[in-house]
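Structure first, then comments.
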2 protein chains.
Amino acid sequence: MTRRLATDDLLHLEHFLPYRLSVLANIVSATIASAYAARHDLTTPEWRVMAVLAREPGLSAAQVAERTAMDKVAVSRAVARLLRHRRVTRRAATADRRRSRLRLTPAGMAVYIEVSPAALDYEQELLKVLSSAESRTLDAVLHRLLGRARELAADRIIRATNH
Amino acid sequence: MTRRLATDDLLHLEHFLPYRLSVLANIVSATIASAYAARHDLTTPEWRVMAVLAREPGLSAAQVAERTAMDKVAVSRAVARLLRHRRVTRRAATADRRRSRLRLTPAGMAVYIEVSPAALDYEQELLKVLSSAESRTLDAVLHRLLGRARELAADRIIRATNH
DNA sequence: TAATAATGGTTTCAATTGTAACTAAATAGC
DNA sequence: GCTATTTAGTTACAATTGAAACCATTATTA
């Protein structure tokens, strides 16, 4: 008994995981950005660069790119703005003079120390609607989904490259 | 016994939920887009508009915006492209001539019917790394997080407006 | 050790996106 | 019924982003 192809068999946007992830991530990022963007004249890429440099001073731009999942152009632009605002310093690495060593200035650290708790508060407010078991599951699930998403993305790239 | 403020107390990007959501959503969206963008000359906004029109023919642009979480400008641009490619039709609503009624053409439906299973396959591939219990939890958790994120975003807007 | 390739990072140019201003039609107030 | 508002959607302009070309330095290799 074959059925006609019905729209029910096809994709329903509201239930489609990629769409839901995208909407959630956008609203969350926009809300957080609205908290620091105006007050500190800080973009999301800058904020990410600062966050990794706070924990690992002396990283190069490429290392920052790795840790923030940004591309090198985005890092370059964020760093340029941070330099102009005297929030980071840059000097050439002694061994390899192509490579830079980036650090937060005290002023940069001060901004980070002020913004960071607000961001963490927001995260806590968001997680209030989950039980601690759900939070743990979410943590594990996101970790595994990200790994899987990277695998699938790599697959595609190989296929696309070999076209 | 008070401790000095350490970077451990501050935000660690890799563990920060908003950051992780953003990275995951981006890689997932980019992978899916790479599947249909080149093959069908279709952008993500167009794809979303098509997906809702497939299920609910005759929606207005504003209704499409609601259901896709896009703003009206993005919908307008996506619809303009879809009209040019003869993938949707538009006529004015009889009652209110400002309002449009949008429908997929057979050609538009054909594209949707071709792309849709590939997108659903991708979703299944992604979810393979989760148990069915985890999938169900994720579903519920995303639903609640989205509701909460909307509340928090609304809060901010009110505060921002009353500055 | 000269020539070539690879790497780190920046710049340029085009495409995408966001914000505000706008047009057209409908509704509300008087 | 005439003006003021609101709503639906588009357009214009600025800011952001992405892809490719680019410069400088280091590594490779013949």
Side-chain angles (χ1 to χ4, degrees), chain A residues 22-23 25-27 29-31 33-34 37-38 41-49 52-53 58-84 88-103 153 157 160-161, chain B residues 22-23 25-27 29-31 33-34 37-38 41-49 52-53 58-84 88-103 153 157 160-161:
Chain A
S22 169
V23 170
N26 285 346
I27 186 171
S29 293
T31 305
S34 78
D41 186 24
L42 199 61
T43 65
T44 300
E46 287 176 84
W47 157 246
R48 287 188 180 174
V49 170
V52 302
L53 291 180
L59 291 181
S60 70
Q63 292 174 315
V64 168
E66 243 180 67
R67 284 164 177 71
T68 55
M70 293 162 66
D71 69 25
K72 63 180 183 168
V73 176
V75 171
S76 173
R77 292 199 257 240
V79 168
R81 266 199 107 227
L82 289 168
L83 287 169
R84 273 206 299 286
V88 313
T89 57
R90 173 170 59 188
R91 64 190 192 84
T94 44
D96 181 343
R97 281 168 37 240
R98 290 171 304 185
R99 190 169 253 154
S100 56
R101 294 176 63 74
L102 301 164
R103 290 167 199 288
I157 283 159
T161 305
Chain B
S22 170
V23 171
N26 285 344
I27 186 172
S29 292
T31 305
S34 78
D41 184 25
L42 201 60
T43 65
T44 299
E46 288 175 84
W47 157 244
R48 287 187 178 173
V49 170
V52 302
L53 291 180
L59 291 181
S60 70
Q63 292 173 314
V64 168
E66 243 179 65
R67 283 164 179 70
T68 55
M70 293 162 66
D71 71 23
K72 63 181 184 165
V73 176
V75 172
S76 174
R77 291 199 258 239
V79 167
R81 266 199 105 228
L82 289 169
L83 285 169
R84 271 205 301 286
V88 314
T89 57
R90 173 169 60 187
R91 63 188 192 88
T94 44
D96 181 344
R97 279 167 39 238
R98 290 171 307 186
R99 191 168 255 155
S100 57
R101 294 176 63 74
L102 301 165
R103 291 168 197 287
I157 283 160
T161 305

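Every chain is numbered from 1 and lettered A, B, ... according to where its sequence line falls, protein lines coming before strand lines. FYI, side chains are in, hydrogens and waters are out, and symmetry mates aren't considered; it's all heavy atoms of this structure. Just so we're clear, the structure is a prediction, and the values are computed from it rather than from any experiment.
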[X] has an atom [atom1]; how far is it from atom [atom2] of [N], in whole Å?
X: B/Glu66; N: D/dA8; atom1: CD; atom2: C1'; result: 13 Å
X: A/Arg98; N: D/dA27; atom1: CZ; atom2: P; result: 6 Å
X: B/Trp47; N: C/dT16; atom1: CH2; atom2: P; result: 19 Å
X: B/Arg84; N: D/dT10; atom1: CZ; atom2: C1'; result: 13 Å
X: A/Arg91; N: C/dG8; atom1: CZ; atom2: C1'; result: 17 Å
X: B/Asp71; N: C/dA20; atom1: CG; atom2: P; result: 12 Å
X: B/Arg81; N: C/dA15; atom1: CZ; atom2: P; result: 12 Å
X: B/Met70; N: C/dT19; atom1: CE; atom2: C1'; result: 16 Å

Quick one: label [X] by what it contacts on the DNA or RNA (base, sugar-phosphate, nothing), any heavy atom closer than 4.0 Å.
X: B/Ala95; answer: sugar-phosphate
X: B/Val73; answer: base
X: B/Ser100; answer: sugar-phosphate
X: B/Ser60; answer: sugar-phosphate

**OP:** For residues B/Ala93 and B/Arg101, report the shortest heavy-atom separation together with the two atoms involved.
**Re:** CA-CD, 3.8 Å
**OP:** Report yes if at least one side-chain N or O of B/Arg99 is closer than 4.0 Å to OP1 or OP2 of D/dA8; otherwise report no.
**Re:** yes
**OP:** Determine: side-chain N/O of B/Arg97 to OP1/OP2 of C/dT27, distance under 4.0 Å, yes or no.
**Re:** no
Rounded at 0.5 Å granularity, tell me how far [atom1] in [X] sits from [atom2] in [Y].
X: B/Arg48; Y: B/Thr43; atom1: CZ; atom2: OG1; answer: 10.0 Å
X: A/Asn26; Y: B/Ser22; atom1: CG; atom2: OG; answer: 8.0 Å
X: A/Ser60; Y: A/Lys72; atom1: OG; atom2: NZ; answer: 12.0 Å

**OP:** Return the 5'-most residue of the pair A/Pro45, B/Arg77 with respect to DNA chain D, ranking by each residue's nearest nucleotide.
**Re:** B/Arg77
**OP:** Report the residue (B/Asp96 or A/Lys72) whose heavy-atom-nearest nucleotide on DNA chain C is the more 5′ of the two.
**Re:** A/Lys72
Original post:
Hey, mind stepping through A/Arg81 and A/Asp41 against side chain to side chain contact (heavy atoms under 4.5 Å, CB included) and telling me if it holds?
Top reply: CA-CA 10 Å; A/Arg81 266 199 107 227; A/Asp41 186 24; 3.1 Å; yes
